[in-house]
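Have a look at the structure that comes next, please.
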Amino acid sequence: MLPGDALDAAGTPDLRVGNREVAGRVRLLARKGVLLAVAVVPLEAYVAAVVSREAGPRFQPEALAALAVAARTYAVGAAAKPRDPAYDVVGSVEDQVFEGMDGVTPAFREAADRTRGMVARYRGELAETVYHSTCGGRTEDAGSAWGKDVPYLRAQPCDDCADSPYYRWEYRITGAEGRRVAKALGVPPGKDLRIAVTGRTPTGRASRVRISSGGVSRELQAAEFRKAAGYANVRSLKMEIVPVAGEWRITGEGWGHGVGMCQFGANGMARRGAVFREILARYYPGTDITGESP
């Protein structure tokens, strides 16, 4: 295969890439000495697979349906403006988690099928249907999180995610880990290393963090600190950082950026009897659901 060439492969039963079953085809491309495998997946199969990884294993059907609409809208929007000529989306938290078709049970397929073709629009344009695991009691403004105001992505109270296992969390950064994070963020770590929140958004989430040591001080976006410390460790920016004997105790609420649909909040709404349209209307106010199947 020459650089720039592409080879499509399909098989029956479906192909596997590594240990993952892929519905549809696999496109192989040679790029910079690396063989890139791109899954070419039918949209509804992709939606079902995403929902199976993004949702909790015991989510209510209406919450799964709401997530299916959000995932489909995101995918259709990404396909219109792909991030790379070779593929539309990345199969990770950079976009949406896609790990093939293994473990996609009937509940997830049904969520995709009953909302087939449905997408969320705002004033006729595809909405940015971002979502996260748990907001911790209040969602976040897109403007505060990313510096881009979006009319239907505004902070609002959410009292339906309190049963999430991530509603409250704690993480302790050891001295060694703190030094690693500081170094990664451009501060030479010393014995006097300090890490502190220096700014917050109106919802109480950290917006700025200062790291200082040996006379060097750097204030940066809190999101940069979270990335360096690890998204699975510092689960959200709704957090407090307290120094404790050469370490730092971080306590927080929620998991994710907090913008858009709170998935555990959606599930809480579904348990109270809300249908998927009501869930979407709450987290993306002012949007319309279009493209319903006849």
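All heavy atoms count here, side chains included; hydrogens, waters and symmetry mates do not.
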When you group the ILVMFWY residues by side-chain heavy-atom contacts below 4.5 Å and let the links chain together, are W255 and F59 in the same group?
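Yes, same cluster.
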Heavy-atom side-chain contact between S144 and P202 under 4.5 Å
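Yes. Closest side-chain heavy atoms under 4.5 Å.
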Mind checking whether D163 and Y167 have side chains closer than 4.5 Å, heavy atoms only?
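No, every pair of side-chain atoms sits at 4.5 Å or beyond.
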Heavy-atom closest contact (C161 atom, G136 atom, distance)
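Smallest heavy-atom distance, with atoms named: SG-N, 3.7 Å.
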Nearest heavy-atom pair of A142 and V150: which atoms, and what distance?
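Taking A142 first and V150 second, the nearest heavy atoms are CB-CG2, 4.0 Å.
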Once you round to the nearest 0.5 Å, how far does CZ of R205 lie from CZ of R226?
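Those atoms lie 10.0 Å apart.
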Side chains of I289 and V119: closer than 4.5 Å at any heavy-atom pair?
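I289 vs V119: side chains apart.
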Derivation of the salt bridge (charged side-chain N to carboxylate O under 4.0 Å, His left out) call for D160 and R271:
CA-CA 9 Å; D160 287 298; R271 276 204 314 274; over 6 Å; no
Show the numbers, then the answer: is there a side chain to side chain donor-acceptor pair (under 3.5 Å) between T198 and E219?
CA-CA 8 Å; T198 54; E219 187 171 283; 3.1 Å; yes
Name the atoms and distances for all side-chain donor-acceptor pairs under 3.5 Å in residues 64-78, with sequence neighbours left out.
{"unit_1": "R72", "atom_1": "NE", "unit_2": "E44", "atom_2": "OE1", "d": "3.3"}
{"unit_1": "R72", "atom_1": "NE", "unit_2": "E44", "atom_2": "OE2", "d": "3.0"}
{"unit_1": "R72", "atom_1": "NH1", "unit_2": "T115", "atom_2": "O", "d": "2.9"}
{"unit_1": "R72", "atom_1": "NH1", "unit_2": "T115", "atom_2": "OG1", "d": "3.3"}
{"unit_1": "R72", "atom_1": "NH1", "unit_2": "M118", "atom_2": "O", "d": "2.9"}
{"unit_1": "R72", "atom_1": "NH2", "unit_2": "E44", "atom_2": "OE1", "d": "2.7"}
{"unit_1": "R72", "atom_1": "NH2", "unit_2": "A112", "atom_2": "O", "d": "3.1"}
{"unit_1": "R72", "atom_1": "NH2", "unit_2": "T115", "atom_2": "O", "d": "3.4"}
{"unit_1": "R72", "atom_1": "NH2", "unit_2": "T115", "atom_2": "OG1", "d": "3.1"}
{"unit_1": "T73", "atom_1": "OG1", "unit_2": "V69", "atom_2": "O", "d": "2.7"}
{"unit_1": "T73", "atom_1": "OG1", "unit_2": "A120", "atom_2": "N", "d": "2.9"}
{"unit_1": "Y74", "atom_1": "OH", "unit_2": "D95", "atom_2": "OD1", "d": "2.6"}

Suppose we screen for salt bridge (Lys or Arg N to Asp or Glu O under 4.0 Å). Which residues come up paired with E247, at least two apart in sequence or across chains?
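With neighbours one apart ignored, the set is R172.
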Could you walk me through whether R121 and T290 pass the side chain to side chain donor-acceptor pair (under 3.5 Å) check?
CA-CA 7 Å; R121 293 183 181 275; T290 65; 3.1 Å; yes
Is the shortest side-chain heavy-atom distance between Y131 and Q96 below 4.5 Å?
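Result yes, sub-4.5 Å side-chain heavy-atom pair found.
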Should we say atom CZ of R194 is surrounded by more than 12 heavy atoms from elsewhere, each under 6.0 Å from it?
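Counting other residues, nucleotides and ligands, CZ of R194 stays at 12 neighbours or fewer.
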From CA spacing to verdict: side chain to side chain contact (heavy atoms under 4.5 Å, CB included), D141, T203
CA-CA 8 Å; D141 271 324; T203 68; 5.6 Å; no
Which pair of non-hydrogen atoms, one from G286 and one from Y122, has the smallest distance, and what is that distance?
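Looks like O-CD1, 3.5 Å.
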Using the rule given for salt bridge (charged side-chain N to carboxylate O under 4.0 Å, His left out), can you reason through D288 versus R123, listing the C-alpha separation, both sets of side-chain angles and the distance that settles it, and then say yes or no?
CA-CA 8 Å; D288 299 308; R123 296 183 177 178; over 6 Å; no
Flag side-chain contact, heavy atom, 4.5 Å: K183 against L185
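No, every pair of side-chain atoms sits at 4.5 Å or beyond.
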Intermediate values then yes/no, salt bridge (charged side-chain N to carboxylate O under 4.0 Å, His left out), E170 and R235:
CA-CA 9 Å; E170 179 175 320; R235 290 176 169 167; over 6 Å; no
Would you confirm whether D192, through its side chain, and G214, through its main-chain N or O, come within 3.5 Å as a donor-acceptor pair?
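Flag set: sc D192 to bb G214 pair under 3.5 Å.
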Output yes when a side-chain donor or acceptor of D113 lies under 3.5 Å from a complementary backbone atom of R109, and no otherwise.
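Looks like no, no N/O pair under 3.5 Å.
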Would K148 and E128 satisfy side chain to side chain contact (heavy atoms under 4.5 Å, CB included), going step by step from the backbone distance to the final call?
CA-CA 12 Å; K148 176 186 177 184; E128 296 181 52; 2.8 Å; yes
Flag the pair V259 / T139 as yes when at least one side-chain heavy-atom distance between them is below 4.5 Å, and no otherwise.
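Heavy-atom side-chain distance check fails, nothing below 4.5 Å.
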Do the side chain of S213 and the main chain of G190 share a donor and acceptor less than 3.5 angstrom apart?
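Indeed, once roles are kept as given, a pair shorter than 3.5 Å links the two residues.
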Is there a salt bridge (charged side-chain N to carboxylate O under 4.0 Å, His left out) between E224 and R218 once you walk through the steps?
CA-CA 12 Å; E224 294 181 66; R218 184 184 176 203; 3.5 Å; yes
Quick check on the hydrophobic clustering: are V130 and L237 connected, directly or via other members, by side-chain heavy-atom contacts under 4.5 Å?
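No: no chain of side-chain contacts under 4.5 Å links V130 to L237.
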Common cluster, Y231/W169, ILVMFWY with side-chain heavy-atom separation under 4.5 Å
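As far as the 4.5 Å side-chain criterion goes, W169 and Y231 are not connected within one cluster.
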In the single-linkage hydrophobic clustering (I, L, V, M, F, W, Y; side-chain heavy atoms under 4.5 Å), do F264 and L153 co-cluster?
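Same hydrophobic cluster.
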Euclidean distance, M269 CE relative to M261 CE, rounded to 0.5 Å
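If I round to the nearest 0.5 Å, the distance is 10.5 Å.
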Check whether Y166 and Y171 end up in the same hydrophobic cluster, where Ile, Leu, Val, Met, Phe, Trp and Tyr are linked by side-chain heavy atoms less than 4.5 Å apart.
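No: no chain of side-chain contacts under 4.5 Å links Y166 to Y171.
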Write down the atom of A145, the atom of E140, and the distance for their closest heavy-atom approach.
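Taking A145 first and E140 second, the nearest heavy atoms are CB-CG, 4.1 Å.
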Taking the basic N atoms (NZ, or NE/NH1/NH2) and the acidic carboxylate oxygens, is any pair closer than 4.0 Å for R114 and E62?
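Between E62 and R114 there is a salt bridge, with a charged N closer than 4.0 Å to a carboxylate O.
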Which residue pairs pass the salt bridge (Lys or Arg N to Asp or Glu O under 4.0 Å) test when at least one of the two sits in residues 252-267, sequence neighbours left out?
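Checked against salt bridge (Lys or Arg N to Asp or Glu O under 4.0 Å) - neighbours excluded - the pairs reaching residues 252-267 are R168-E253, K238-E253.
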How close do A206 and V197 get, counting heavy atoms only, and between which atoms?
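Closest heavy-atom pair between A206 and V197: CB-CG1, 3.9 Å.
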Quick one: are V181 and E177 in side-chain contact, heavy atoms under 4.5 Å?
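Counting from C-beta outward, V181 and E177 do come under 4.5 Å.
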Could you tell me the separation between the SG atom of C158 and the CZ atom of R138, rounded to the nearest 0.5 Å?
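Output value for this atom pair is 10.5 Å.
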Between R282 and D159 (salt bridge meaning N to carboxylate O under 4.0 Å), is one present in this structure?
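D159 and R282: salt-bridged.
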Just how far is it from atom CZ of R208 to atom CZ of F225, taken to the nearest 0.5 Å?
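Interatomic distance, R208 CZ to F225 CZ, rounded to 0.5 Å: 14.0 Å.
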Using every non-hydrogen atom in the two residues, find where S236 and G256 come nearest and quote the distance to one decimal.
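Taking S236 first and G256 second, the nearest heavy atoms are CB-O, 3.7 Å.
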CD1-CD1 distance between I241 and I250, expressed to the nearest 0.5 angstrom:
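Going from CD1 on I241 over to CD1 on I250, the span is 4.5 Å.
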Step by step, would you call H257 with W146 a side chain to side chain contact (heavy atoms under 4.5 Å, CB included)?
CA-CA 10 Å; H257 48 64; W146 302 318; 3.7 Å; yes
Once rounded to the nearest 0.5 Å, what's the spacing between atom OG of S212 and atom CG of L193?
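The CG atom of L193 is 7.0 Å from OG of S212, to the nearest 0.5 Å.
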